[in-house]
Amino acid sequence: GLGALLNLTAITLNLHGCKIGNAGLASLAQGLGALRSLTAVNLHLSKCDKIGNIGLISLVQGLGALPNLTGISLEFKNCGEIGDGGVTSLGEGLGAWLNLTTIDLNFWDCDLIGDRGVTSFSNGLGALLNLT
């Protein structure tokens, strides 16, 4: 598993169009959370239409265990099951990433995300004092 990569500092995974769902993303998140030396995480999960709020919440929890994270890029284009609950969780999780300097998020065509989710996410940005 991913635990064999304990000294890894950056990871990029492109799972575009895969049939990964909430359970798969939760397992991935748990594995990534064990890689404490990670400073950069890039996940491309566009068109993974089985991922919903529960999957995104699991991802936030798993990545929240990474104290050295300085950069994060998450792409969820066309993941129509992600809504306000998932984006709200992401905003709430931002406080765990105190060293974060860059963040790149793409939720293009996720039509379940509305004002409530974006407002909650925006409120979490205040915790990120090191963004460049």
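Residue numbers count from 1 along this sequence.
No chain of hydrophobic side-chain contacts below 4.5 Å, direct or via other Ile, Leu, Val, Met, Phe, Trp or Tyr residues, connects Ile57 to Leu59. Two different hydrophobic clusters hold Leu98 and Val41 under the rule that ILVMFWY side chains link at heavy-atom gaps under 4.5 Å. Under the 4.5 Å side-chain contact rule for hydrophobic residues, Leu56 and Ile103 share a cluster.
A heavy-atom distance below 4.5 Å is not found between the side chains of Asn53 and Leu112. Between Phe121 and Leu105, the closest side-chain pair of non-hydrogen atoms falls below 4.5 Å.
For the atom pair CD1 (Ile51) and CD1 (Ile82), the distance works out to 6.0 Å, reported to the nearest 0.5 Å. Here CD of Gln30 is found 9.5 Å from OG of Ser58. Values are rounded to the nearest 0.5 Å. The structure places CG of Leu128 at 5.5 Å from CG of Leu100, a figure rounded to the nearest 0.5 Å. One finds the CG atom of Leu32 at 11.0 Å from the OG atom of Ser27 (value rounded to the nearest 0.5 Å). From Leu66, atom CG reaches atom CG of Leu35 across 7.5 Å, with rounding to the nearest 0.5 Å. The CG atom of Leu63 lies 5.0 Å from the CD1 atom of Ile72; values are rounded to the nearest 0.5 Å.
Judged purely by atom type and a 3.5 angstrom limit, Thr70 has no side-chain atom pairing as donor or acceptor with the backbone of Thr101. Asn99 places a side-chain N or O within donor-acceptor distance of the main-chain N or O of Pro67, the cut-off being under 3.5 Å. Distance alone, capped at 3.5 Å, places no donor-acceptor pair between the Asn68 side chain and the Ser37 backbone. With hydrogens and angles disregarded, no donor-acceptor distance shorter than 3.5 Å links the side chain of Trp108 to the backbone of Ser46.
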(message) Run the side chain to side chain contact (heavy atoms under 4.5 Å, CB included) test on Leu15 and Leu28 for me, step by step, so that the C-alpha distance in whole Å, both residues' side-chain angles and the decisive distance to 0.1 Å come before the verdict.
(response) CA-CA 11 Å; Leu15 298 169; Leu28 177 62; 4.3 Å; yes
(message) With side chain to side chain contact (heavy atoms under 4.5 Å, CB included) as the criterion, how do Leu38 and Thr9 come out once you've worked through the C-alpha distance, each side chain's angles and the decisive distance to 0.1 Å?
(response) CA-CA 4 Å; Leu38 279 179; Thr9 59; 5.7 Å; no
(message) Show, in sequence, the C-alpha distance, side-chain angles and deciding distance for Cys48 and Ile20, and conclude whether the side chain to side chain contact (heavy atoms under 4.5 Å, CB included) test is met.
(response) CA-CA 6 Å; Cys48 294; Ile20 184 173; 3.7 Å; yes
(request) Using the side chain to side chain contact (heavy atoms under 4.5 Å, CB included) rule, take Leu45 and Leu74 through it: C-alpha gap first, then chi angles, then the decisive distance, then the call. (result) CA-CA 8 Å; Leu45 298 159; Leu74 303 175; 6.0 Å; no
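The two atoms that bring Cys110 and Cys79 nearest to each other are SG-O, 3.4 Å, heavy atoms only. Contact record, Leu8 with Ala10: CG-O, 3.4 Å, taken as the closest heavy-atom pair. When all heavy atoms of Lys19 and Lys50 are compared, the closest pair comes out as O-CD, 3.6 Å. Here the closest non-hydrogen pair linking Leu25 and Gly55 is CD2-O, 3.3 Å. Across all their heavy atoms, Gly52 and Asn22 have their closest contact at N-OD1, 2.8 Å.
Sorted by first then second residue, the salt bridge (charged side-chain N to carboxylate O under 4.0 Å, His left out) pairs that include residues 74-84, not counting sequence neighbours, are Asp84-Arg116. For residues 62-94, the ring pair (Phe, Tyr, Trp, His ring centres under 6.0 Å) pairs, not counting sequence neighbours, are Phe76-Phe107.
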